[in-house]
Chemist: 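After the structure tokens below, expect a handful of questions from me.
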Amino acid sequence: MDVRALHEESLRSTGQFIGGVRADQWDAPSPCAGWDIRHIVHHLVAGNLWVRELGLGRTIEDVGKELDGDLLRGDPVAAYESSAAAAAGAFAAADAMERLWPLSYGARPGRVYARQRFIDVLIHGWDIGTAAGLEPRLPAELVEACTAIFDARPQMLRQWGFAELDPAPAADDPQARLLALTGRRG
């Protein structure tokens, strides 16, 4: 799968976990220290909306504080679904993977941004599923692709704050290995 397809599949997978969150679970603690389910979903919605805005050719300065505040508006599931469609649409543009996107860490090709979003959405999907007590099995092809990215770019793990972790064990369960790479146990 190309990175655009991986991103879209991770949006769908995570959307299923979000759709399974019960009304009384939004404040449940998650594997992300200090974040409950609502925080993670808000983070994903904000990230998806940033993809939309940058995809429209806006810069970080142009957007300013427009995406600050409560983006869930009382309906986290609908907010996620809408934002996921917007992000997928932005990355679906004909030139989206090759053109430079003005990111906070410098201009990068869309394929780099889509790869980062794919990983973030996929792993946080597991966080949400775990926090909600769902069976958080990620699609095998997404686990394989995500692990391959980390294996090819181990510096990403350090850049994202996972440098101090013990090396991930060679597990029989590819998902367990991926989770270990990101400091999670499952």
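Note that the structure is a prediction, hence the values are computed from the model and not measured. Every heavy atom of this structure was used, including side-chain atoms; hydrogens, water molecules and symmetry mates were not.
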Chemist: Quiz question: by atom type and distance under 3.5 Å, do the side chains of D70 and H42 form a donor-acceptor pair?
Modeler: no
Chemist: Which pair of non-hydrogen atoms, one from P174 and one from T147, has the smallest distance, and what is that distance?
Modeler: O-OG1, 4.4 Å
Chemist: Looking only at heavy atoms, what is the nearest atom pair of L67 and A46, with distance?
Modeler: CD1-O, 4.4 Å
Chemist: Looking at R115 and D2, does any basic side-chain N land under 4.0 Å from a carboxylate oxygen?
Modeler: no
Chemist: Side chains of Q116 and Y105, heavy atoms from C-beta outward: is any pair under 4.5 Å?
Modeler: yes
Chemist: Please check: side-chain N/O of R108 versus main-chain N/O of V112, any donor-acceptor pairing under 3.5 Å?
Modeler: no
Chemist: Side chains of S30 and D36: closer than 4.5 Å at any heavy-atom pair?
Modeler: no
Chemist: Quick one about T130 and D127 (side-chain donor to acceptor, distance below 3.5 Å, no hydrogens or angles considered), yes or no?
Modeler: no
Chemist: In Å and rounded to the nearest 0.5 Å, what is the CD to CG distance from E141 to L138?
Modeler: 10.0 Å
Chemist: With a 4.5 Å cut-off on side-chain heavy atoms, are R184 and I123 touching?
Modeler: yes
Chemist: Looking only at atom types and distance, does a side-chain atom of S82 sit under 3.5 Å from a main-chain N or O of A78, one as donor and one as acceptor?
Modeler: no
Chemist: Is any side-chain heavy atom of R177 closer than 4.5 Å to a side-chain heavy atom of V143?
Modeler: no
Chemist: Does NZ or CZ of R99 fall inside the cone over W101's six-membered ring, less than 6.0 Å from its centre and within 45° of the axis?
Modeler: yes
Chemist: Heavy atoms, side chains only, cut-off 4.5 Å: are F150 and T182 in contact?
Modeler: yes
Chemist: Which heavy atom of S83 sits nearest to which heavy atom of N48, and what is that distance?
Modeler: OG-ND2, 3.1 Å
Chemist: Between I60 and W50, is any pair of side-chain heavy atoms under 4.5 Å apart?
Modeler: yes
Chemist: Would you confirm whether S13, through its side chain, and E9, through its main-chain N or O, come within 3.5 Å as a donor-acceptor pair?
Modeler: no
Chemist: Would a 4.5 Å heavy-atom cut-off, applied to side chains only, mark P29 and W35 as touching?
Modeler: no
Chemist: Write down the atom of I37, the atom of A131, and the distance for their closest heavy-atom approach.
Modeler: CG1-CB, 3.5 Å
Chemist: In sequence, state the C-alpha distance, the side-chain angles, and the governing distance for R117 and D120, and then conclude on side-chain contact (heavy atoms from CB on, under 4.5 Å).
Modeler: CA-CA 5 Å; R117 293 295 306 147; D120 195 45; 3.2 Å; yes
Chemist: State plainly whether the residues D24 and R22 are in salt-bridge range, i.e. N to O under 4.0 Å.
Modeler: yes
Chemist: Do you know the tightest heavy-atom contact between L122 and L142?
Modeler: CD2-O, 3.7 Å
Chemist: Consider side-chain contact (heavy atoms from CB on, under 4.5 Å). Of V41, V45, L44, which one does L71 pass it with?
Modeler: V45
Chemist: Is there a continuous path of hydrophobic side-chain contacts, each under 4.5 Å between heavy atoms, that joins L54 to L56?
Modeler: no
Chemist: Is there a donor-acceptor pair closer than 3.5 Å between any side-chain N or O of R4 and the backbone N or O of A93?
Modeler: yes
Chemist: Are side-chain heavy atoms of E8 and F118 found at a separation under 4.5 Å?
Modeler: no
Chemist: Do the ring planes of H7 and F91 sit parallel (below 30°), tilted (30 to 60°) or perpendicular (above 60°)?
Modeler: perpendicular
Chemist: Does the pair Y80 and L11 meet the rule for a side-chain contact (heavy atoms from CB on, under 4.5 Å), with working shown?
Modeler: CA-CA 9 Å; Y80 177 80; L11 289 168; 3.5 Å; yes
Chemist: Checking C32 against H124 for the side-chain contact (heavy atoms from CB on, under 4.5 Å) test, could you report, in this order, the C-alpha distance in whole Å, the side-chain angles of both residues, the deciding distance, and whether it holds?
Modeler: CA-CA 9 Å; C32 292; H124 282 315; 3.6 Å; yes
Chemist: With a 3.5 Å distance limit and no angle check, can you tell me whether Q25 reaches the backbone of A132 through a side-chain donor-acceptor pair?
Modeler: yes
Chemist: Is the CZ atom of R73 crowded by more than 12 outside heavy atoms at less than 6.0 Å?
Modeler: no
Chemist: Between atom CZ of R38 and atom CG of D27, what is the distance when rounded to the nearest 0.5 Å?
Modeler: 6.0 Å
Chemist: Heavy atoms only: give me the nearest V121-S10 pair and the separation to one decimal.
Modeler: CG1-O, 3.4 Å
